Asker: 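One structure is given below, represented as structure tokens, and several questions about it will come after.
Just so it is clear, the model here is predicted, and its values are computed rather than measured. In what follows, every chain begins at residue 1, and chains take the letters A, B, ... in the order their sequences are listed.
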Amino acid sequence: MQKSLTRRDLLKFAGGSALGLLFTPLPWKLLDDSAIWTQNWALTPKLSHGPITTKFSSCTLCPAGCAVKAHCVDGLPFRLTGVHHHPMSNGAVCARGLAGHHLAYHPLRMTIPHKFSGRSAESRLIPYTLNNSIKEISAAIDSAQGSVVILDQSPNRTSSIIFKQFTEKLQNGIYATLSSDEESTLLALQEMFDEKNISLGYDFEKTEMIVSFGAPLLDGFGTPGLMTKLYNERKTSRKKFIQIESCQSRTALQADQWIPIKPGVEGIIALNIAFVLLNEIKLHNQNSNGAKDISEYKKNLKNFIPERTEHATGIQPGVIRKLALDLASARSSIILGGADPGGGSFGKETEKAIAGLNLILGNVGKSGAITERKNENVQAEPWPKIPDHSISVLIMDSYETGYAVPWQLIEQKLIPDNNIVVTLLPYLNEISAHTDYIIPTTTYYESVRDIPTPAGSPVNTFAISQPLLPKPDGTIEETEFISQVASVLHMDFTIASAEERIKEKVNSIYSTKRGKLFSFSDGQSKPLIDISTANDFYSQLLDGATWIDEKASKNLVKKFSLKADIIAQPSSQDRLLLIPFGWRGAVSSSSLSPIMSKLFQESELRENANTVLMNPQTIADAKLNETQNAILETKSGSMPVKIKSSNTVPLNVIYIPVGPLPNGSPSKAYLNNLNALSMCEVKSDGTWRITNAAIRNQTV
Amino acid sequence: MNSLSEKKSRYGMVIDLDKCNGCGACSIACTIENNVPPAELKANKRSGITWIQIHTVSNNEQYPNGDAVFIPMFCQQCENETPCMTVCPQNAVDIDPSTGIVGQIPQRCLGCRYCMTACPYHARYFNWWDPQWTEGMMKQLNPEVAPRMRGVVEKCNFCHARLHAARTKAAANGESEINPEDYIPACGESCPSKAITFGDLSDENSEAAKLSKEKNTFRFLSRLGTEPKVYFHSERTWIKDMAEKALTRTRMEEHHG
């Protein structure tokens with residue numbers, strides 16, 4: 001008998017199957033699998049295997065050159081730590097340095113040369129060959145109407161000597177440096193001496209009192225490990241940190257005394273103090289004998305009686321007098337000026353006024369104050385002295401020093417519409433995005449590098465940064481680039497390898513038989529004379545060691561001029577003031593490991609580039625809404641910003657961070673857009689600390 | 001033969017807030033040590049992963065009379081009625097009885113985030129996105145710590161891998177106890193200000209135990225009775241007063257604008 005299959009039978013079968021399926025493991029398996037699938041990621045990290053080894057090197061992210069111990073697996077570093085008992089870095093590495101080994105793999109890293117199709121934000125970035133780049137750059141040098149300048153942003157290395165020699169061989173060549181803002185007071189001081197060939201440093205360790213006009217002493221200044229050590233030892237050392245600054249910066253927050261002032265009056269306050277010291281306390285010391293123009297200086301100071309300037313400075317005369325008295329009674333003191341990594345220097349007039357206080361107090365050439373060290377600097381033309389609109393070809397060795405350089409500062413020296421700018425830098429960043437060629441050099445820990453004496457160090461030092469990472473194909477050493485350009489130009493110019501140059505430097509130090517060598521592995525120091533040969537000295541430096549020279553013992557008493565240029569009193573504040581600030585090493589997008597997002601993006605410890613800080617009262621007065629985006633306007637243009645209320649900022653001030661962009665991979669157009677620095681007005685003296693600005697709510 | 005598990009420890013920390021300058025070295029060292037990935041493009045302070053989140057807390061005085069402090073906040077290693085552990089339906093949180101360390105087991109975690117809600121310190125983080133490193137950075141991951149996957153919670157575990165390494169070293173040397181110098185979490189090791197003191201709180205001779213009993217040492221939200229093993233020290237009284245209330249209020253304020 002044949003049974004026909006009805007529609008009902010099919011439905012029953014389907015229904016029964018569906019019901020039965022629930023009692024099988026299949027749906028549960030699917031549920032489980034989908035749960036697992038959602039927890040899987042496309043990119044499965046494969047951890048390296050192998051024995052863990054350690055290697056010593058020195059950090060080159062900033063001039064401090066802190067000693068590091070690299071923990072490696074499979075030959076690559078996975079963790080960097082400090083070297084205990086190091087006389088300078090004191091076992092510490094800053095946050096940026098701890099992640100320095102990541103920078104070779106930064107999203108903005110470049111390993112082949114690139115050329116821009118133009119200077120505008122829309123211009124395209126085109127991969128280019130090294131040979132063609134060198135040919136075109138050489139041709140531009142050959143036919144340059146104006147000067148050919150190499151701007152060395154990390155001076156006094158052995159590479160710096162090559163740059164200088166190369167420019168000397170060119171008829172129109174100039175070797176220039178942009179001084180690190182950390183040494184701006186010292187440079188001002190050096191200029192005040194009749195004798196020019198001197199090098200000065202701060203003896204912070206032995207000083208009793210440090211008065212800082214806005215220098216971020218406790219936020220990355222100098223060698224951060226040393227500064228934090230000195231700060232924490234105050235209970236026993238009785239050292240005093242006094243910060244004179246308009247905003248309550250991190251240093252102001254931690255200083256023993258913060259003297260809040262109106263923005264832009266630092267020079268006036270320095271001359272107020274000078275007036276009290278010389279005309280009221282009648283301070284007289286050996287140093288004052290060197291002043292050629294002391295009577296004229298004292299006369300000029302009468303314009304800076306604290307009572308007369310109280311309205312401009314916002315400081316009660318009693319505070320100035322108390323500070324002057326404390327300084328006069330301190331056994332030793334250091335007074336230093338502006339060094340904000342984002343805001344740059346105060347300018348020559350103000351720095352001279354601040355530097356002059358050290359001369360009046362007899363702080364120069366004294367242990368525990370400002371000491372002289374042997375001048376080993378490679379002589380260079382300071383960037384501000386280069387005439388405006390005079391450069392045809394600019395080669396920027398952009399080995400970053402951690403200090404901001406506004407593009408306007410570079411641009412004002414170029415011959416308009418007839419120039420070529422080359423950056424020797426392995427990153428696309430806020431500066432290289434404006435140039436014509438990016439020639440990718442090796443980056444941190446990829447090649448052997450020498451670490452000369454950091455700016456402001458009281459003694460000469462030397463260390464070698466050993467490579468920890470392989471050098472990628474396509475990159476070139478900066479001196480090799482110069483060598484190839486010289487060859488195309490048929491110049492008689494031979495360049496020794498980096499190793500040979502460093503060896504030569506080591507030999508020259510060894511021949512002095514001075515100083516001591518601190519070894520990273522055993523934490524011991526031994527006199528240089530105890531090292532048998534120069535080769536031994538070199539191999540110990542390679543294995544991880546720092547050479548530290550002896551302190552100069554002589555007292556520096558030289559003829560100098562105190563001439564205080566008239567410092568303009570700031571005009572009444574009818575607009576908001578834009579004041580940039582930064583954190584050393586974090587002023588561009590390429591100089592930070594992507595994991596620094598923990599500080600900038602995933603927490604509010606540090607502000608991102610597009611966030612401005614304002615006093616709550618100023619926000620209310622300007623009828624701004626903190627939760628909405630706002631538009632910041634200056635003469636340079638406008639940019640969208642986020643407002644953050646902060647009681648650390650004075651009234652009528654917009655405190656803007658020169659910091660990284662919110663994520664690690666911005667576009668060239670983004671980099672070329674207006675940012676904190678390009679919103680600032682770069683004045684004729686090369687400063688950009690204060691700019692008039694306006695801010696309004698962004699209308700949708 | 002001596003056994004390493006014979007002695008019970010209570011690992012803890014004392015953080016000197018008067019020394020902390022908010023440099024962020026602890027947070028970065030922790031991130032590198034524990035293979036925490038960089039931020040996803042959309043991540044922010046609520047959705048990102050920072051095992052140590054450094055809060056800047058001010059006394060709310062107007063300029064120029066204000067004062068502020070940097071507070072590194074991370075898992076406080078609660079000992080009593082550990083809130084995250086009590087609410088976890090998966091037993092993905094446990095306390096090691098031999099060390100007192102509150103551990104998180106990502107393999108068991110189903111990502112319900114009850115523990116995040118329960119944690120009074122907001123010190124737990126959820127992996128909202130797949131962890132991503134650039135190709136080169138991937139080769140620089142710490143070989144001793146497994147990266148976590150999307151959909152699970154993670155938090156500070158006092159660098160547990162370092163404890164394992166110290167125990168292995170002690171065992172290899174035939175010693176019954178680890179050398180305290182061999183076990184220091186990455187944050188304590190990297191702090192340039194030496195503001196973080198780590199040690200065994202049950203060892204009365206340890207520096208951490210001594211500091212934890214000092215006059216101006218306190219714990220955050222101690223009124224909850226969870227007995228955290230992370231202590232803070234400050235001579236400034238407003239910070240101590242704030243320690244009882246500020247953190248919860250901050251988050252509440254954020255929620256309610």
Asker: Would you kindly say whether A/H102 and A/H106 are connected by a side-chain donor-acceptor distance under 3.5 Å?
Answerer: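 The criterion, which ignores hydrogens and geometry beyond distance, is not satisfied for A/H106 and A/H102.
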Asker: As an exercise: rank B/G22, B/G48, B/A146 by heavy-atom pairs under 4.5 Å with chain A and give me the winner.
Answerer: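 Option with the greatest count: B/G22.
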Asker: Quick check on A/T81 against chain B: is it the side chain, the backbone, both or neither that has a heavy atom closer than 4.5 Å?
Answerer: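 Side chain only.
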Asker: Relative to chain B, which of A/R109, A/H49, A/R79, A/H71 shows the most heavy atom pairs under 4.5 Å?
Answerer: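 Ranked by contacts with chain B, first place is A/R79.
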Asker: Using a 4.5 angstrom heavy-atom cutoff, name the option from B/V145, B/N142, B/I52 with the most pairs to chain A.
Answerer: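 Maximum pair count with chain A is reached by B/N142.
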Asker: Between atom CZ of A/R96 and atom SG of A/C66, what is the distance when rounded to the nearest 0.5 Å?
Answerer: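 Taking CZ in A/R96 and SG in A/C66, the distance rounds to 11.0 Å.
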Asker: Given a strict heavy-atom distance threshold of 4.5 Å, which part of A/I261 is in contact with chain B: side chain, backbone, both, or neither?
Answerer: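 It is the backbone, since no side chain atom gets that close.
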Asker: Contact part of A/N615 toward chain B, heavy-atom cut-off under 4.5 Å: side chain, backbone, both or neither?
Answerer: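 Side chain only.
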Asker: In plain terms, say whether A/E626 and A/K642 are close enough for a salt bridge, that is, a side-chain N and a carboxylate O under 4.0 Å apart.
Answerer: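 Salt bridge: no.
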Asker: A/L76 versus chain B, heavy atoms under 4.5 Å apart: side chain, backbone, both or neither?
Answerer: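 A/L76 touches chain B through side-chain heavy atoms alone.
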Asker: Does this structure show an ion pair linking B/R46 with A/E602, if we count only N-O contacts that are shorter than 4.0 Å?
Answerer: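 No.
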Asker: Less than 6.0 angstrom separating the ring centers of A/W583 and A/F221, yes or no?
Answerer: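 That pair fails the under 6.0 Å test.
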Asker: Is chain A contacted by the side chain of B/S193, its backbone, both, or neither, given a heavy-atom distance below 4.5 Å?
Answerer: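 Contact with chain A is through both the backbone and side chain of B/S193.
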Asker: Among B/E61, B/E135, B/K194, who wins on heavy-atom pairs under 4.5 Å with chain A?
Answerer: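 So the answer, after comparing B/E61, B/E135, B/K194, is B/E61.
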Asker: Without swapping roles, check the side chain of B/E154 against the backbone of B/N127 for a donor-acceptor pair under 3.5 Å.
Answerer: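 No, B/E154 side chain to B/N127 backbone: no donor-acceptor pair under 3.5 Å.
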Asker: Using a 4.5 angstrom heavy-atom cutoff, name the option from A/G220, A/A92, A/S48 with the most pairs to chain B.
Answerer: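 The candidate making the most pairs under 4.5 Å is A/S48.
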Asker: Need one label for A/P224: side chain, backbone, both or neither, based on atoms under 4.5 Å from any heavy atom in chain B.
Answerer: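 It is neither, since no heavy atom gets under 4.5 Å.
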Asker: Please flag which part of A/M596 lies under 4.5 Å from any non-hydrogen atom of chain B: side chain, backbone, both or neither.
Answerer: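 It is both, since atoms from each part get that close.
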Asker: Would you say the side chain of B/W133 lies within less than 4.5 Å of the side chain of B/P38, judging by non-hydrogen atoms?
Answerer: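 Result yes, sub-4.5 Å side-chain heavy-atom pair found.
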Asker: Who wins among A/I52, A/L80, A/T627, A/D74 for the most heavy-atom pairs under 4.5 Å with chain B?
Answerer: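 If we count pairs closer than 4.5 Å to chain B, A/I52 comes out on top.
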Asker: Chain A heavy atoms under 4.5 Å from B/A195: which part of the residue, side chain, backbone, both or neither?
Answerer: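 B/A195 has no heavy atom closer than 4.5 Å to chain A.
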Asker: Do the ring centers of B/Y183 and B/F158 come within less than 6.0 Å of each other?
Answerer: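 No, they do not, as the ring centres are separated by 6.0 Å or more.
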Asker: Checking heavy atoms, do the side chain of B/D16, its backbone, both or neither come under 4.5 Å from chain A?
Answerer: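 The answer is neither part of B/D16.
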Asker: Which atoms of A/I595 come close to chain B, meaning under 4.5 Å heavy atom to heavy atom: side chain ones, backbone ones, both, or neither?
Answerer: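 When you check distances to chain B, atoms from both the backbone and side chain of A/I595 fall under 4.5 Å.
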Asker: Please say which of B/F74, B/Y121, B/Y125 ends up in a side-chain contact (heavy atoms from CB on, under 4.5 Å) with B/Q53.
Answerer: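 Going through B/F74, B/Y121, B/Y125 one by one, the side-chain contact (heavy atoms from CB on, under 4.5 Å) with B/Q53 is satisfied by B/Y125 alone.
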Asker: Could you have a look at B/D67, B/I32, B/V36 and say which one has the most heavy-atom pairs with chain A under 4.5 angstrom?
Answerer: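 Counting heavy-atom pairs under 4.5 Å, the top option is B/I32.
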Asker: Would a 4.5 Å heavy-atom cut-off, applied to side chains only, mark B/M116 and B/F126 as touching?
Answerer: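 A side-chain contact exists here, since the closest heavy-atom pair is under 4.5 Å.
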